[in-house]
Amino acid sequence: MSEQAVTAQSEDFSRWYNEIVYRADLAAPSPVRGCVIIKPYGYEIWEGIKAGLDRRFKATGHQNAYFPLFIPESYIKREAQHVEGFSPELAVVTHAGGKELEEPLVVRPTSETVIGEAFSDWIQSYRDLPLLINQWANVVRWELRTRPFLRTAEFLWQEGHTAHATHDEAEAETLQMLDIYAEFAIDDAAIPVIKGEKSRLERFAGALRTYTIEAMMRDKRALQSGTSHNLGQNFAKAFDIRYLTESNLQEYCWTTSWGLSTRMVGAVVMTHGDDKGLRLPPKLAPHQVVIVPITRRDDQLTAVMDTVERLDRELQAAGIRVHVDRREGQSPGFKFNDWEMRGVPVRMEIGPKDVENNNAVLARRDLPGRQGKQFVPQAGIVDVVTALLDEIQANLLDDAREFRDRNIHDVANYDELKQVVAEGAWARAWWGGSDEDELTVKDETGATIRCFPFDQPDQSGKCVLTEKAAERIALFAKAY
RNA sequence: CGGGGCGUGGCGCAGCCCGGUAGCGCGCACGGUUUGGGUCCGUGAGGUCCCCGGUUCGAAUCCGGGCGCCCCGACCA
């Protein structure tokens, strides 16, 4: 590490983010513009996200499959709004095998079209429904301004695609998957997301309705962290996805799609991180506990290492992800700082004194300095560590929720909205405006409607901009 | 696509104005020293100075052209 500390969040949040992503070894620059290499430490966080989601998908009856990276250009063009939404950011292969292709191939920006085409073959009758498919894949969207994890030209995600017999079943699926995203975000990533519906302007190209989980980052900007779309019959009509009903009638299916990407890694970084670096929620942390052995002289080495190995085995046997820092060149002090920067929830120090007293020193990452440090007996270490990890997981969520709630303000009129947004916070307001009105707010304040939260007041009110009657409140914020 | 900046060991930079043996910090390797909050010392490895052309006895440095990257403004998981 050349410089010692990272840039403070308060000083320059985006610089802090960039530094921490590279210095904590989550990612490395790639030779291709707009792309990143995801390094093992970052990829392990993604693997944790995958595991948490995949388990929930399977539990709700979904199966994984894999569809091709390349999509015939004509497919993309079949659904009008879809083309319009995506064409500016498509990467297209025009040459292969040394000659020009008869039909260019689009590198998938998402797979509604290929999957829709496949579904039209697979589905014959109502007995084939619902069809519940998910794929883990990479997609490419040629973005101009990129940031590691938050927006890159290529990213990893999962995309679920389902087909149903009725609108209501599709709607139920769309909402169920949003619930799964929210549950995962809150329980595993410790990110207190807000569920809601997107405005017409922010809706997925070709969807009837788009739902979202919105999270507040430490700089108070909003991050759309997962989306779920009810596609109605738009794609079914474009790709001829039909089924025969019990009474032998041809009907179009109702389809859905839903996705969550490696952006979630960025969300974890920006929700919990502090001036010292990452703070990883135990459920997603590649290492939940790091043991730093402290040996003053060579003759103490064996005794210390024996204890370290024994505790390592005990914790591992209990299913805790432990890492022993055996590096020889670095001092303990260096290692403490290093692991703090990398966000490991619990550090265990074992030195000669601890061997002698049958103690261990535990330091928790979510509380600063001395406050987070405690001496505990080695006997019963598994229970203590397990409880501590649970406590840290809960504490990170509480912290983030408290921060979020403190920075959302109800506003009664447009001036207040402007002021709240100018201060960087989120504004909650009645909204009954048109698309144009929404754009006006965006132009004048930089904020967009993040969502209409599911959680709505009982009464109705007056639109914050037009002062006409409004049925729903919306959340306004600057977003990534 | 408009405005600004930068291309020099792995990373961050100095050198360029005023042409003359390519330098510093970090990292890396080795040896020693240290180790309970970012040890210290020594030795060493490592560079087509973005590319092409020009000027010159001589170009990282001057001139012309090209390429690439980063930052700031309109779209997006």
Side-chain angles (χ1 to χ4, degrees), chain A residues 1-6 12 14-15 18-19 22-23 28-34 49 84-90 108-110 137-147 149-159 181 198 201-205 210 212-215 222-229 257-267 276-277 292-298 300-301 304 325 327-341 347-357 359-361 363 368-370 372-373 375 439 442-443 446 448 479-480:
Chain A
M1 242 59 24
S2 49
E3 314 91 283
Q4 298 209 327
V6 284
D12 185 340
S14 82
R15 201 167 146 195
N18 282 323
E19 280 181 21
Y22 294 121
R23 292 187 53 198
S30 97
V32 181
R33 171 200 164 82
I49 294 168
E84 204 186 316
F86 280 107
S87 54
E89 51 193 46
L90 296 180
R108 66 178 162 223
T110 180
N138 58 339
V139 287
V140 168
R141 298 180 188 177
W142 216 252
E143 302 288 353
L144 298 176
R145 314 233 333 95
T146 60
R147 308 190 66 194
F149 296 111
L150 301 178
R151 182 175 302 112
T152 46
E154 178 190 10
F155 59 91
L156 305 181
W157 75 345
Q158 59 67 218
E159 47 178 322
Y181 288 157
K198 281 291 184 190
L201 283 180
E202 301 275 328
R203 194 180 285 161
F204 177 77
T210 288
T212 177
I213 48 171
E214 295 288 324
L223 187 75
Q224 176 176 312
S225 308
T227 48
S228 175
H229 318 288
S257 70
W258 25 277
L260 185 147
S261 73
T262 36
R263 173 179 267 193
M264 186 53 93
V265 176
K276 291 188 150 190
V292 179
I294 294 152
T295 51
R296 209 179 281 278
R297 300 183 308 272
D298 275 355
Q300 295 169 328
L301 197 103
V304 167
D325 189 345
R327 287 179 291 179
E328 285 176 11
Q330 274 78 18
S331 67
F334 177 90
K335 292 176 179 179
F336 297 168
N337 286 286
D338 194 37
W339 292 116
E340 269 165 14
M341 184 187 67
R347 177 181 76 242
M348 183 184 292
E349 305 167 21
I350 299 292
K353 285 183 219 160
D354 307 302
V355 172
E356 196 178 317
N357 304 327
N359 274 343
V361 178
R370 288 222 108 72
K373 220 157 160 170
F375 294 82
L439 285 171
K442 187 179 179 181
D443 287 346
T448 49
Y480 276 100

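Residue numbers begin at 1 in each chain, while the letters A, B, ... track the order of the sequences.
- In this structure the side chain of A/Pro109 never reaches within 4.5 angstrom of the side chain of A/Trp142, judged on heavy atoms.
- The shortest side-chain heavy-atom distance between A/Met341 and A/Lys276 does not fall under the 4.5 Å cut-off.
- Put simply, OH on A/Tyr22 is 16 Å from C1' on B/G10, counting in whole angstrom units.
- Within the 4.5 Å cutoff, side-chain heavy atoms of A/Thr448 are placed close to those of A/Glu202.
- Looking at A/Gln224 and A/Thr210, their side chains never come closer than 4.5 Å, going by heavy atoms from C-beta outward.
- The same atom, P, is picked in B/C26 and in B/U39; the two are 13 Å apart, to the nearest Å.
- One cannot find a donor-acceptor pair under 3.5 Å joining the base of B/G38 and the side-chain atoms of A/Asp338.
- Looking at residues two or more places apart in sequence or on another chain, you find a salt bridge (charged side-chain N to carboxylate O under 4.0 Å, His left out) between A/Glu349 and A/Arg347, A/Lys373.
- Residue A/Arg347 is classed as a base contact, given a heavy-atom separation below 4.0 Å to a base.
- Taking the C1' atom of each, B/C63 and B/G42 are spaced 47 Å apart, rounded to whole Å.
- With a cut-off of 3.5 Å on both Watson-Crick or G-U wobble distances, the partner of B/C1 is given as B/G73.
- Judged by atom type and distance alone, A/Lys373 does not reach the base of B/G36 through any side-chain donor-acceptor pair under 3.5 Å.
- Using a 4.0 Å heavy-atom criterion, one finds that A/Lys335 contacts no nucleic acid atom at all.
- Within 4.0 Å (heavy atoms only), A/Val361 reaches at least one base atom of the nucleic acid.
- B/C30 atom P lies 10 Å from atom CD of A/Glu328, rounded to whole Å.
- Taking atom C1' on both B/U56 and B/G66, the two are 23 Å apart, rounded to the nearest angstrom.
- With a 3.5 Å ceiling on both atom-pair distances, the Watson-Crick or G-U wobble partner of B/C57 is B/G20.
- With sequence neighbours left out, A/Tyr480 forms a ring-ring contact (aromatic ring centres under 6.0 Å, His included) with no residue at all.
- As the counterpart of B/G36, no nucleotide is assigned, since no Watson-Crick or G-U wobble pattern has both distances under 3.5 Å.
- With a cut-off of 3.5 Å on both Watson-Crick or G-U wobble distances, the partner of B/U48 is given as none.
- Figure legend. B/G27 is base-paired to no nucleotide; pairs are counted as Watson-Crick or G-U wobble with both atom distances under 3.5 Å.
- A/Tyr181 meets the ring-ring contact (aromatic ring centres under 6.0 Å, His included) test with no other residue; sequence neighbours excluded.
- For A/Arg15, the salt bridge (charged side-chain N to carboxylate O under 4.0 Å, His left out) partners are A/Glu19, not counting sequence neighbours.
- The shortest distance between side-chain heavy atoms of A/Ser225 and A/Arg263 does not fall below 4.5 Å.
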Protein-nucleotides 39-42 of chain B N/O pairs closer than 3.5 Å?
from: B/U39; atom 1: OP1; to: A/Ser331; atom 2: OG; distance (Å): 3.2
from: B/U39; atom 1: OP2; to: A/Ser331; atom 2: OG; distance (Å): 2.1

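- Two residues are said to be in side-chain contact when any heavy atoms from C-beta on lie closer than 4.5 Å; A/Arg108 and A/Asn138 meet this criterion.
- Atom CG of A/Asn359 and atom P of B/G36 are 19 Å apart (whole Å).
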Can you give one letter per nucleotide of nucleotides 70-77 of chain B, 5' to 3': B if a protein heavy atom sits under 4.0 Å from the base, S if only from the sugar-phosphate, - if neither? S-S-BBBB
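- One atom, CD of A/Glu356, and another, P of B/G36, lie 18 Å apart when rounded to the nearest Å.
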